[in-house]
Amino acid sequence: MSRHISKSKSKALYLYKNAAAVGIQKLSLSAAQLRTSATRASCTDSEEISEGEDWYASHIIQDKDLLRKSLHNSGTGLHVLDLVNRGSLEADRTLYNKLLNRCTQMGRLQQARIVHAHILTSHFKDDLPIHNTILNMYVKCGSLEDARNLFDQMPCKDLVTWTALISGYSQYDRPQDALVLFPQMLLRGLEPNQFTLSSLFKAAGAVSDDNNKHGRQLHAYCLKYGFDTNVYVGTSLVDMYARWGHMDESQLIFDSLETKNEVSWNALIAGHARKAQGEHALRLLGKMLREGFKPTHFTYSSVFTACASAGSMEQGKWVHAHMIKSGAKLVAFVGNTLLDMYAKSGSIEDARKVFDRLVRQDIVSWNSMLTGYAQHGLGQETVQRFEELLRIGIQPNDITFLCVLTACSHAGLLDEGQYYFDLMKSYNIEPQISHYVTIVDLLGRAGLLDRAEKFIREMPIEPTAAVWGALLGACRMHKNIDLGAYAAERVFELDPHDSGPHVLLSNIYASAGRLSDAARVRKLMKDCGVKKEPACSWVEIENAVHMFVANDDAHPQRVEILHMWETISGKIKEIGYVPDTSHVLFFVDQQEREVKLQYHSEKLALAFALLNTTPGSTIRIKKNIRVCGDCHSAIKYVSKVEGREIIVRDTNRFHHFRDGSCSCRDYW
DNA sequence: GTAGGGTTAG
C-alpha cells in the first residue's frame, strides 16, 4: 500500500480490506478500482470534515444519536463507517439504509460501492431487503453493470429484485434486456405486480419490431390479471401505444382509464406531439384543462413541440400566456421547446427573448437558438453566438457543431465552416456522418464540386446516401450533369426508395434539355414504386391553419384565390417578374407550364393570405418541401408590390421576403 | 426495497 497516503485515507483502505476479505472481488470492480474509489471517497465526500487524523481526534463520539445526526450533514455521511470499524458504533439496518439512500439521492456511485463493500462485512451480508436497496441504488446511480453483477450474485431474489433490474434496463434505454428478464422471472414462479408491468410497458414502447409482439402479449397478460386499472400501468400502456405511433389505440386505452392523472394526459399529448399532430395536441390540452387537470412542465413542453412542428405561433402564444399565468418558472426543459416553437414558427426575435429569460441556459438552449439563427439565414449571427458560447466556456456537443456548420453552409461561409469542422477535434467530438454531409453541402453550394467529391472519397467513414445526396443537390444547383448523374447512382444504390434524388436527377437532365434521360429517370422512379410526396403549403390565419396543395380546385375560396393571383401576377410582371418554367415537368408545353406554375401550393397560400389578412401584416407560410425557384422569385416581387413581409418556412430553413429580396440571398 | 410522461440536428 502506498506510503504517501494520509492516515484518514488509510482508514478507507481498511474498509476495503475488510470487504475484500468476504469476497467483494466478485463485484465488477477490480481491486485497484475499489482501492481508488475508497481513497477518493474518503477525501472528497465529507467536505465538512477537516483533513486527516485531527477530525477523528476531535470527534470521538460516544453518543449514537449524535452520530446519527451527523448523517444529516451534506455529503453521503460515509465517514460514520469508520466509526463502525472502530467499534464505537453498531451498524444497524437503519444506518445502512440511510447511507444507501444518501448515495442513491446524490447519485454517488463510488461511495455506493464502498457502502456495499461494508455491508458485505456485516451480518447483513445475506439480507434480501438490504440487497434490493443496494441494487436499486446502483440502478439510480446509472450503473447497470454493478446492478447486474449484484443481481447475478444474489442467491435469493424476490419480485422486488427482479423489478428493480427490469426498471433499470427500461430506464436506461436497454429495453431488450428488460423484456428478456420477464419470462425468466415467470419461470422462477414469480408473478409481476403493477411496478413490474409499468416498467415492462415502458421497455416494450421502446421496441417496435415483430408487430410489437412483446408489448401486446404483456398487454394481454395485464388484462387477464386486471392490472390495467392501476393508473401507473394504464398510463404506461397509453405511452407504449403512443410510442409505436398507434394513437387510436393509445386514445382508446386512455378513455378506458378509470383513474387518470396529469401523467396520463401527458403521455397522450406527447404521443401526438411526436407525430407532429399539433392541432390534436392542442385540442387535448383544452380538454385536459376543462376536465380540471393542471398542465405540468411535461405538458407544456410537449404542446410547444407540437406547435413548433405545426408552425402555429398564434396557438403557441396562447399556451405560452397560459403558462405564464399559471406561474410556472421558465426552466430550460420547457423554455427550450418554447424558444424552438417561436423560432420554427417564424419569430426569431421572440425566440431570443425566451432564451434571455430562461432561469438557466443549458446546451440544448444554445443549440436551439443557434439552429433558429441558422434556419433564418442569419449565418453571421450564428457564428458570433457560437463564438460567444465558446468564450464563456460552455462545452459544445455534436449538435452544436452541426448547427454552426449548417449555418456556414447556408450562408456561404466557406472558410469558417471548414475551420469549425477542424475545431471539433479540439473539443473531443468525433464528426458524425451528418457533419460530413454538411461539409459536402458547404463545398458543393460554393461550387467546389470536385473538392466536395474528393472530400467524400477521403472520408474515414463509409459515405451514406445522405452524403451523396448533398453532392447531387449541389450538382443540380451548379448544373453539373455528369457528376450529378454519378452521385445520383450512388444514392440509388444506397437508398433506392427516396424520391428526392430521382426528382433532382430528372430535373438536372430536364434543365439541360436532355429530356429522354429525364424521362428515363422518371420511369425508373415509377417502376421502383418510388412516390414523390405531394407538395403542400399551410398558412395560419386567426388561429386556424389552412392547407393548400398544388392545383387545388376544391377550395371554397377557389375563385377569389385564382383571381387574386392573376391580379398579383400582373402587378409583379410589370416590375420585372418572369416566370421560370424550368421548375415544371418538361412534358407540358410552355403555356401550360406557366399555368402549372401559377398553382404551386405556396402561391395559392400566399394569394389566400393576401385575401384574408390586413394590409401590411406579416404573412407566414409553411411548406413540406423546398420552395421552388420560380415561387421564390415571385414571392420576392410580391413582398415589394404589396409592402408585406412574407416568411416562408420550408423543410430546410426560413425565407424572409422583404422589399423585393430574401434573407437567404437566393442561396438555399 | 421495485413503477408511468418532456427538449435541440438531420
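On a predicted model such as this, the values are computed, not experimentally measured, just so you know.
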Touch class at under 4.0 angstrom, heavy-atom based, for [X] against every strand present:
X      : value
A:V238 : nothing
A:K344 : sugar-phosphate
A:R274 : sugar-phosphate
A:T400 : nothing
A:D398 : nothing
A:V233 : nothing

### Query
Within the stacking criterion (centroid distance below 5.5 Å, interplanar angle below 30°), does A:F333 stack on B:dG6?
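Here A:F333 meets both the 5.5 Å and the 30° conditions.
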### Query
What do you reckon, do A:W366 and the base of B:dT8 stack, with centroid distance below 5.5 Å and planes below 30°?
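A:W366 ring does not meet the centre or angle cut-off for B:dT8; no stack.
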Of the listed nucleotides [options], the one nearest the side chain of [X]:
X      : options              : answer
A:S368 : B:dT8, B:dG6, B:dA3  : B:dT8
A:V160 : B:dG4, B:dG6, B:dT2  : B:dT2
A:V364 : B:dG10, B:dG6, B:dT8 : B:dT8
A:N336 : B:dG6, B:dT7, B:dA9  : B:dT7
A:S302 : B:dG6, B:dA9, B:dT7  : B:dG6
A:D239 : B:dT7, B:dA9, B:dG4  : B:dG4
A:S264 : B:dG6, B:dT2, B:dG4  : B:dG4

### Query
How close do A:D362 and A:A332 get, heavy atom to heavy atom, and via which atoms?
OD2-CB, 3.5 Å
What is the distance, rounded to the nearest whole Å, between atom [atom1] of [X] and atom [atom2] of [N]?
X      : N      : atom1 : atom2 : value
A:I130 : B:dT2  : CD1   : C1'   : 15 Å
A:Y232 : B:dA3  : OH    : P     : 10 Å
A:Q194 : B:dA3  : CD    : C1'   : 8 Å
A:H435 : B:dA9  : NE2   : C1'   : 8 Å
A:F151 : B:dT2  : CZ    : P     : 16 Å
A:N397 : B:dT7  : CG    : C1'   : 12 Å
A:W468 : B:dG10 : CH2   : C1'   : 20 Å
A:N261 : B:dA3  : CG    : P     : 16 Å

Taking the side chain as everything from C-beta on, heavy atoms only, tell me whether [X] gets closer than 4.5 Å to [Y].
X      : Y      : value
A:T299 : A:W265 : no
A:H272 : A:K275 : no
A:L197 : A:S236 : no

Do any side-chain nitrogens or oxygens of [X] fall under 4.0 Å of OP1 or OP2 in [N]?
X      : N      : result
A:K140 : B:dA3  : yes
A:S167 : B:dA3  : yes
A:N367 : B:dA9  : no
A:Q432 : B:dG10 : no
A:T406 : B:dG10 : yes

### Query
Ignoring hydrogens and angles, are the base of B:dA3 and the side chain of A:S198 linked by a donor-acceptor pair under 3.5 Å?
yes
#### Entry: Polar side-chain contact A:S236-B:dG4 base: donor and acceptor under 3.5 Å
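No such pair is found, so the answer is no.
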### Message
Can you tell whether the side chains of A:R93 and A:D127 come within less than 4.0 Å, N to carboxylate O?
### Response
yes
### Message
Salt bridge check, A:R385 against A:E381: does any charged N sit closer than 4.0 Å to a carboxylate O?
### Response
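Salt bridge flag = yes for A:R385 with A:E381.
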### A:F151 six-ring face occupied by A:K157 cation (under 6.0 Å, within 45°)
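Yes, a cation-pi geometry holds between A:K157 and A:F151.
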